[in-house]
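For reference, positions follow the sequence shown, starting with 1.
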Amino acid sequence: MQIKIKNIERHLGEEKVEFYSCIGSGAGIWVGESPTLGQCIDIEFDIEDDFKWGENITTADNQKSMISVEKDCLRFVAQVVSYENDGCLTLKLGGTILFLDLDNAPMDLKGWIVGEAQSVKLYPTNL
């Protein structure tokens, strides 16, 4: 996903980066060489939260990829690509593919979901 860096906060050896993208604004912990303010860069997300159906992820009314920051969480709306019986959920968020671990979801899960994540890491892809 192509992003533009809008803010960098350094605290206890970590860099929290806030950014703009074509599907909204987001934030996460930067992993890799430090970015600069205003830099446009391609990234991948790693969302490390444990997702439980009906708690931090559920069916979305909206059918358009989007991200936003609400109450220190990354809120996202994404399209379901697949859901496997081992709990692996594959999502399409804009042009990015995400893999999440999900408990207690309906086995016939399809369409669009909305989720909230607190543990988001951002990796530059160097593309």
Could you check whether any side-chain heavy atom of [X] comes within less than 4.5 Å of a side-chain heavy atom of [Y], counting everything from C-beta outward?
| X | Y | answer |
| --- | --- | --- |
| K92 | I97 | yes |
| V77 | W112 | yes |
| L91 | Q79 | no |
| K121 | E48 | yes |

Enclosure of D61 CG (heavy-atom neighbours >12, cutoff 6.0 Å):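 No, because the 6.0 Å sphere around CG of D61 holds 12 heavy atoms or fewer from other groups.
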Keeping [X] on the side-chain end and [Y] on the backbone end, is there a donor-acceptor pair under 3.5 Å?
| X | Y | answer |
| --- | --- | --- |
| W30 | E33 | yes |
| D50 | D101 | no |
| N7 | E18 | no |
| S65 | G94 | yes |
| D49 | S119 | yes |
| D42 | M1 | yes |

Sort out for me which residue in I41, I8, L122 forms a side-chain contact (heavy atoms from CB on, under 4.5 Å) with F19.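 Result: among I41, I8, L122, L122 is the only option passing the side-chain contact (heavy atoms from CB on, under 4.5 Å) with F19.
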Can you spot which of V114, L102, N104 makes a side-chain contact (heavy atoms from CB on, under 4.5 Å) with I57? L102
Say whether [X] and [Y] are linked into one hydrophobic cluster, either directly or through other cluster members, by side-chain heavy-atom distances under 4.5 angstrom.
| X | Y | result |
| --- | --- | --- |
| L37 | I43 | yes |
| V120 | V31 | no |
| L93 | M66 | no |

Run the side chain to side chain contact (heavy atoms under 4.5 Å, CB included) test on I29 and K16 for me, step by step, so that the C-alpha distance in whole Å, both residues' side-chain angles and the decisive distance to 0.1 Å come before the verdict. CA-CA 5 Å; I29 301 299; K16 180 179 180 184; 4.2 Å; yes
Test side chain to side chain contact (heavy atoms under 4.5 Å, CB included) on F76 and I113; report intermediate values, then the result. CA-CA 8 Å; F76 58 93; I113 59 87; 3.7 Å; yes
Taking it one step at a time, do Y83 and C88 satisfy side chain to side chain contact (heavy atoms under 4.5 Å, CB included)? CA-CA 6 Å; Y83 179 60; C88 181; over 6 Å; no
Do S34 and E15 pair up side chain to side chain, a donor and an acceptor below 3.5 Å, judged on atom types alone? yes
Could you go step by step and tell me if W53 and L109 meet the side chain to side chain contact (heavy atoms under 4.5 Å, CB included) rule? CA-CA 11 Å; W53 189 255; L109 183 61; 3.6 Å; yes
